[in-house]
J.: 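Right, I'll just put the structure down here and ask away after.
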Amino acid sequence: MNEAEITQYITDTFEGVDAVVASAETGAPEVAWGDTFFFYDPGRTLAADRRFPFATIVTKDYGEFDRASDLNREGVFRLNIGVGKQTFTTLFGHEKPEVHDFTALDRIMPHPVYGKMYWVCVLNPSAEAFEAIRPLLAEAYERATGKR
């Protein structure tokens with residue numbers, strides 16, 4: 001699946017989602033320009049400092065801070081999803097982060113930076129991998145709405 005298809009799925013499936021592509025106009029830092037952030041904000045009324053994404057699509061490395069996925073490769077992007085501790089532990093147990101190749105495409109794995117905060121990720125998910133991701137997106141959305 002590509003970025004547009006994933007964005008379409010999220011905005012069509014989950015009510016009240018605001019998908020924001022970071023830019024100078026949105027007030028985002030330059031490093032984030034072009035990346036997509038998914039917020040639960042049905043009225044589009046939350047102040048920028050009160051919004052926190054439940055999922056993101058990142059298209060490039062963020063300098064020394066977040067470069068483990070080598071997103072600067074042509075056509076590579078990373079879908080990131082914030083899940084709960086129980087789901088994260090069910091998926092990965094207590095394994096060490098170094099057991100993951102964070103550059104691998106089409107594999108659900110802990111986020112290389114935010115895994116400790118129960119974020120998962122997948123680089124360039126296939127349609128098959130996206131099927132496994134759908135429940136994770138639903139959980140992240142429910143957590144954002146306060147229903148979970």
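What you see below is based on every heavy atom in this structure, not just the backbone, and it leaves out hydrogens, waters and symmetry mates. We count residues from 1, following the sequence as given.
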J.: Got a sec, which pairs hit salt bridge (charged side-chain N to carboxylate O under 4.0 Å, His left out) with one end in residues 104-121, sequence neighbours left out?
T.: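 Qualifying pairs, neighbours excluded: none.
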J.: To the nearest 0.5 Å, what is the distance between CG on L91 and CG on L136?
T.: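 The distance works out to 6.0 Å.
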J.: Please list, chain by chain and in numerical order, all residues satisfying salt bridge (charged side-chain N to carboxylate O under 4.0 Å, His left out) with E30, sequence neighbours excluded.
T.: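 Listed in chain order: nothing, the list is empty.
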J.: By salt bridge (charged side-chain N to carboxylate O under 4.0 Å, His left out), which residues pair with E64, not counting sequence neighbours?
T.: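 Per chain and number, E64 pairs via salt bridge (charged side-chain N to carboxylate O under 4.0 Å, His left out) with R67.
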J.: Among all residues two or more places apart in sequence or in another chain, which pass the side-chain contact (heavy atoms from CB on, under 4.5 Å) test with Y114?
T.: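 Partners of Y114 under the side-chain contact (heavy atoms from CB on, under 4.5 Å) test: F65, H111, M117, W119.
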J.: Please report the shortest heavy-atom distance between A22 and A32, naming the atom on each side.
T.: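 Shortest heavy-atom contact: CB-O, 3.1 Å.
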J.: If every non-hydrogen atom of T11 is compared with every non-hydrogen atom of A19, which pair is closest and at what distance?
T.: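 That closest heavy-atom pairing would be CG2-CB, 3.8 Å.
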J.: Test: salt bridge (charged side-chain N to carboxylate O under 4.0 Å, His left out). Region: residues 1-14. Which pairs qualify, not counting sequence neighbours?
T.: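 Sorted result for residues 1-14: empty, none.
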J.: What pair of heavy atoms forms the shortest contact from F37 to P53, and how long is it?
T.: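 Closest approach of F37 to P53, heavy atoms only: CD2-CG, 4.1 Å.
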J.: According to a hydrophobic-cluster definition based on side-chain heavy atoms being under 4.5 Å apart (Ile, Leu, Val, Met, Phe, Trp, Tyr only), do V113 and Y62 belong together?
T.: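 Result: yes, single cluster for both.
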J.: For F102, is there any backbone N or O sitting under 3.5 Å from a side-chain donor or acceptor partner on S69?
T.: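 A pair under 3.5 Å: yes.
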J.: Name all residues meeting the salt bridge (charged side-chain N to carboxylate O under 4.0 Å, His left out) criterion together with D18; count only those two or more places apart in sequence or in a different chain, and write none if there are none.
T.: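 Partners of D18 under the salt bridge (charged side-chain N to carboxylate O under 4.0 Å, His left out) test: R44, R51.
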J.: Can M109 be reached from F88 by stepping across I, L, V, M, F, W or Y side chains whose heavy atoms are under 4.5 Å apart?
T.: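 Not linked; separate clusters.
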J.: What pair of heavy atoms forms the shortest contact from G82 to A140, and how long is it?
T.: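 Distance-wise, the nearest heavy atoms are O-CB, 3.0 Å.
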J.: With sequence neighbours left out, write down each residue that passes ring pair (Phe, Tyr, Trp, His ring centres under 6.0 Å) with F54, or none if nothing qualifies.
T.: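 Counting only residues at least two positions away or on another chain, F54 forms a ring pair (Phe, Tyr, Trp, His ring centres under 6.0 Å) with Y141.
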J.: Hey, what do you get for OG1 (T7) to CG (N2), rounding to the nearest 0.5 Å?
T.: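 It is 8.5 Å, given to the nearest 0.5 Å.
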J.: Restricting to side-chain contact (heavy atoms from CB on, under 4.5 Å), what partner residues turn up for K85, sequence neighbours left out?
T.: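 For K85, the residues satisfying side-chain contact (heavy atoms from CB on, under 4.5 Å) (neighbours in sequence not counted) are T89, Y118.
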J.: By side-chain contact (heavy atoms from CB on, under 4.5 Å), which residues pair with L105, not counting sequence neighbours?
T.: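 In terms of side-chain contact (heavy atoms from CB on, under 4.5 Å), with neighbours along the sequence ignored, L105 is linked to R73, V76, L123, N124.
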J.: Return the CZ to CD1 distance between F38 and I57, rounded to the nearest 0.5 Å.
T.: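 These two atoms lie 4.0 Å from each other.
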J.: Is it the case that one hydrophobic cluster holds both V58 and V31, taking links as side-chain heavy atoms less than 4.5 Å apart, direct or via other members?
T.: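 Yes; V31 is reachable from V58 via cluster members.
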J.: I'd like to know if V120 and L137 are part of one continuous hydrophobic network [Ile/Leu/Val/Met/Phe/Trp/Tyr, side-chain heavy atoms within less than 4.5 Å].
T.: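 In one cluster: yes.
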J.: If hydrophobic clusters are built by linking Ile, Leu, Val, Met, Phe, Trp and Tyr wherever their side-chain heavy atoms come under 4.5 Å apart, do V20 and I6 end up in the same one?
T.: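 No, separate clusters.
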J.: Give the minimum heavy-atom separation between M1 and F77, together with the two atoms involved.
T.: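 It is O-CZ, 3.5 Å.
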J.: Is there any salt bridge (charged side-chain N to carboxylate O under 4.0 Å, His left out) pair reaching into residues 31-40, and which pairs are they, with sequence neighbours excluded?
T.: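 Found D35-K60.
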J.: Once rounded to the nearest 0.5 Å, what's the spacing between atom CD of E142 and atom CZ of F14?
T.: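 Nearest 0.5 Å value for the CD-CZ distance: 8.0 Å.
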J.: Could you state the interatomic distance from CZ (R78) to CG (D70), rounded to the nearest 0.5 Å?
T.: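 Atom-to-atom, R78:CZ and D70:CG are 11.0 Å apart.
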J.: Please determine whether the number of non-hydrogen atoms from other residues, nucleotides or ligands lying under 6.0 Å from atom CD of E131 exceeds 12.
T.: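 More than 12 heavy atoms, drawn from other residues, nucleotides or ligands, come within 6.0 Å of this atom.
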J.: Sequence neighbours excluded, which residues qualify as side-chain contact (heavy atoms from CB on, under 4.5 Å) partners of A47?
T.: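 side-chain contact (heavy atoms from CB on, under 4.5 Å) list for A47, sorted by chain: D49, R50.
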J.: At their closest point, which heavy atom of I108 faces which heavy atom of A129, and how far apart are they?
T.: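 Closest approach of I108 to A129, heavy atoms only: CD1-O, 4.3 Å.
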J.: When rounded to the nearest 0.5 angstrom, what distance separates CD1 in I133 from CD1 in I10?
T.: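 It comes to 9.5 Å.
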J.: Ring pair (Phe, Tyr, Trp, His ring centres under 6.0 Å) with F130: which residues, sequence neighbours excluded?
T.: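 So F130 forms a ring pair (Phe, Tyr, Trp, His ring centres under 6.0 Å) with Y9.
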